Amino acid sequence: MPPQKWEQTLRRQIKDNHGRGWNVIAQSGKAKLTRVYEDGTKSAKVLSIEWKATNSVVILNAVTRCRELVESRNISLAEAVRLDTEALAVPEDNKGIADQGWPAVVEEYLLAKQGRRSSTLADLKTRLDRALVCLESRPKPRDSRALLKRFAELHFTQMASGGQGRKRNLGDVCAFLTYAVIKAGAPQRWLPPEKAFINELIGVAATSTEERLTPPVKPEQLAGLLDQMEADGRHDLRLATGLIALFGLRPAELAVLSVKGDKLYAGHVKRNAATLAQKAKAPRRCLPLDIAGREGEGKRLLKLYSSGLVKLPTAIANEIEKVEVKGTFQQVGHSFGQLLNRYEPWKHLVLSNPDITPYSLRHSWAWRCHVCSNNGLHVRQAAALMGHTVAVHLKHYGSWVDEASLEAAVERYNEGLVAVDN
């Protein structure tokens, strides 16, 4: 069927405004937007607009908006059409929020986040208040790129390049901007820019991965900490701390422990697009590494845990119960960290080495398995017991060969010398 006159006019307008690379055709009664690149490759996406003469202006405007998104955000045509469709679907009463000004959008956004913890909400409000300051600064930012650049100029001087502070601040601001456009009706120029631009603002950490790795809690420190918890009657916190340190658990794995006979198993706490697409793995076996002078302590803690005579701290147990509702194990680990960071003997331990964190207890297991025995574990064994790959183990723990371990290795070599026939 030859094209109708309105179709010819529409395509000519698109060509005049956007060049030969942009066009529209009809597919299943809808308008289909196509883009042909300079190398001849092509991408296409169906718009949620009916293919009819009375919609020709609507289609032309959609092509204009999608092209602007593709070129200004450096995103795919499919992503541009998705964002444009979501923006069009926003109810009219919501679209008026942006017309009331940025403070009104911030207020609505914070109301939508009321389910979060009070501390998280406080951090979010602080970051959005910073964004409001940037939006009112002179000269006023006119799009997301200018806003984020101003945000970095004003607030990143005290945040380490490549650090979590910069990432969390920009992450919260970008999530807010997406809400402002999709839900509150702000112009699409406020959609977050491409990741490359954001990563440039975040910067690169000045230290290497090995230098950022938190140090392990050494055996004598761990023994002293567990003894003090026993003396203080903090049996619940001692149980959680001992399980993590002696069995090499991630703190969040306190939520997925199971005991079969006298064997401890840990389920899986990492939930992301990659792991969800994989077949569920069986729980991994966890085995204790004893420390000198506390032989058998791991087995004793396991019996105590399985008997139920001593339970995990109430705060941790409460977070474990909320895992299914929240869909994440993160707060379980955070809860343990908060309890430990409030415990005075732990504070004194951190004073001796400020780089120590609650996660250093798991690192303690990794350090001891290679350094604290004449029969250290093979890297494959250590990686399997910690629940990660050999590559991950070597990346994070391969640098932990200190002077003492080097001396021990040479001593073992010298003890095993044999004569070699020529």
Side-chain angles (χ1 to χ4, degrees), residues 214-251 253-254 257-266 283-313 336 340 343 345-346 348-349 352-353 356 358-388 393 397 400-413 415-416:
T214 61
V217 175
K218 296 297 179 68
E220 63 278 7
Q221 295 173 323
L222 177 58
L225 182 66
L226 295 177
D227 287 348
Q228 190 60 53
M229 288 177 174
E230 182 76 21
D232 291 340
R234 296 300 307 272
H235 305 295
D236 55 348
L237 185 57
R238 184 180 189 275
L239 176 64
T241 303
L243 288 174
I244 291 170
L246 296 178
F247 287 86
L249 303 177
R250 300 176 179 90
E253 288 176 339
L254 292 172
L257 297 180
S258 60
V259 182
K260 299 178 181 178
D262 59 351
K263 299 177 181 180
L264 181 66
Y265 296 86
R284 83 173 189 276
R285 178 75 185 280
C286 301
L287 291 167
L289 286 182
D290 286 331
I291 53 181
R294 299 293 189 280
E295 288 80 1
E297 184 61 30
K299 291 182 178 180
R300 285 192 289 271
L301 278 176
L302 178 56
K303 288 182 179 179
L304 202 60
Y305 173 74
S306 61
S307 70
L309 294 175
V310 175
K311 299 184 182 300
L312 294 174
F336 170 75
L340 198 59
Y343 184 55
W346 175 261
H348 292 309
L349 180 59
S352 67
N353 189 339
I356 286 178
Y359 213 86
S360 295
L361 293 168
R362 172 170 159 87
H363 295 329
S364 173
W365 193 99
W367 190 81
R368 298 195 317 274
C369 79
H370 296 302
V371 175
C372 294
S373 171
N374 288 331
N375 301 309
L377 296 185
H378 188 278
V379 64
R380 292 186 181 277
Q381 298 167 329
L385 288 167
M386 294 194 75
H388 51 222
H393 193 84
Y397 304 117
W400 281 350
V401 182
D402 59 12
E403 184 177 349
S405 62
L406 287 172
E407 290 176 353
V410 171
E411 183 179 350
R412 289 196 302 271
Y413 172 85
E415 290 176 351

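Values in this document were obtained by computation on a predicted structure and should not be read as measured data.
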> Before you tell me yes or no, could you show the steps for V217 and L225 under side chain to side chain contact (heavy atoms under 4.5 Å, CB included), namely the whole-Å CA-CA distance, both residues' side-chain angles and the distance that decides it to 0.1 Å?
CA-CA 10 Å; V217 175; L225 182 66; 5.7 Å; no
> Let me confirm one number: the NE2-CE distance from H235 to M229, rounded to the nearest 0.5 Å.
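Spacing of NE2 (H235) from CE (M229) equals 12.0 Å.
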> Looking at residues at least two apart in the chain, or sitting in another chain, which of them share a ring pair (Phe, Tyr, Trp, His ring centres under 6.0 Å) with Y359?
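Y359: ring pair (Phe, Tyr, Trp, His ring centres under 6.0 Å) contacts with H363.
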> With rounding to the nearest 0.5 Å, note down the distance linking OH in Y343 to CG in D232.
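It is 3.5 Å, given to the nearest 0.5 Å.
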> Would you be so kind as to tabulate the donor-acceptor pairs closer than 3.5 Å made by side chains of residues 289-296, with sequence neighbours excluded?
residue	atom	partner	partner atom	Å
D290	OD1	G296	N	3.3
D290	OD2	G296	N	2.9
R294	NE	D227	OD1	3.4
R294	NH2	D227	OD1	3.3
R294	NH2	D227	OD2	2.1
E295	OE1	G293	N	3.2
E295	OE2	G293	N	3.2

> Taking it one step at a time, do F336 and L312 satisfy side chain to side chain contact (heavy atoms under 4.5 Å, CB included)?
CA-CA 10 Å; F336 170 75; L312 294 174; over 6 Å; no
> Any idea which heavy atoms bring R380 and H378 closest together, and the distance?
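Looking at all heavy atoms of both residues, the closest pair is N-ND1, 2.9 Å.
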> Should S364 and R362 count as side-chain neighbours, where that means a heavy-atom distance under 4.5 Å?
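Heavy-atom side-chain distance check fails, nothing below 4.5 Å.
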> Please find the pair of heavy atoms, one from Q228 and one from P345, that lie closest to each other, and give the distance.
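What the structure gives for the nearest pair is CG-CG, 3.6 Å.
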> For residues R284 and A384, report the shortest heavy-atom separation together with the two atoms involved.
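Closest heavy-atom pair between R284 and A384: CD-O, 3.7 Å.
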> Side chain of R285, backbone of Y265: donor and acceptor closer than 3.5 Å?
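Absent.
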> Quick one: does any side-chain atom of S360 pair with a main-chain N or O of P215 as donor and acceptor, under 3.5 Å?
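Checked: pair present.
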> Supply the atom-to-atom distance L249 CG to M386 CE, rounded to the nearest 0.5 angstrom.
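One finds 9.0 Å between CG of L249 and CE of M386.
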> Once rounded to the nearest 0.5 Å, what's the spacing between atom NE2 of H393 and atom NE2 of H388?
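Here the rounded value is 5.0 Å.
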> Nearest 0.5 angstrom please: S352 OG to Q221 CD, how far?
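Rounded to the nearest 0.5 Å, the OG-CD separation comes to 5.5 Å.
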> Side chains of L301 and E297: does their closest heavy-atom pair fall under 4.5 Å?
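Yes, at least one pair of side-chain atoms sits under 4.5 Å.
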> To the nearest 0.5 Å, what is the distance between CG (L349) and CG (L222)?
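It comes to 9.5 Å.
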> Compare all side-chain heavy atoms of V259 with those of K303 and state whether any distance is below 4.5 angstrom.
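Sidechains of K303 and V259: no contact.
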> Which atom names give the shortest non-hydrogen contact between T241 and L226, and what distance separates them?
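Scanning both residues completely, I find the closest heavy atoms to be CG2-CD2, 4.2 Å.
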> Please give me the minimum heavy-atom distance between V310 and L239, naming the atom from each residue.
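Taking every non-hydrogen atom into account, O-CD2, 3.4 Å.
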> Which heavy atom of L287 sits nearest to which heavy atom of W365, and what is that distance?
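Taking L287 first and W365 second, the nearest heavy atoms are O-NE1, 3.4 Å.
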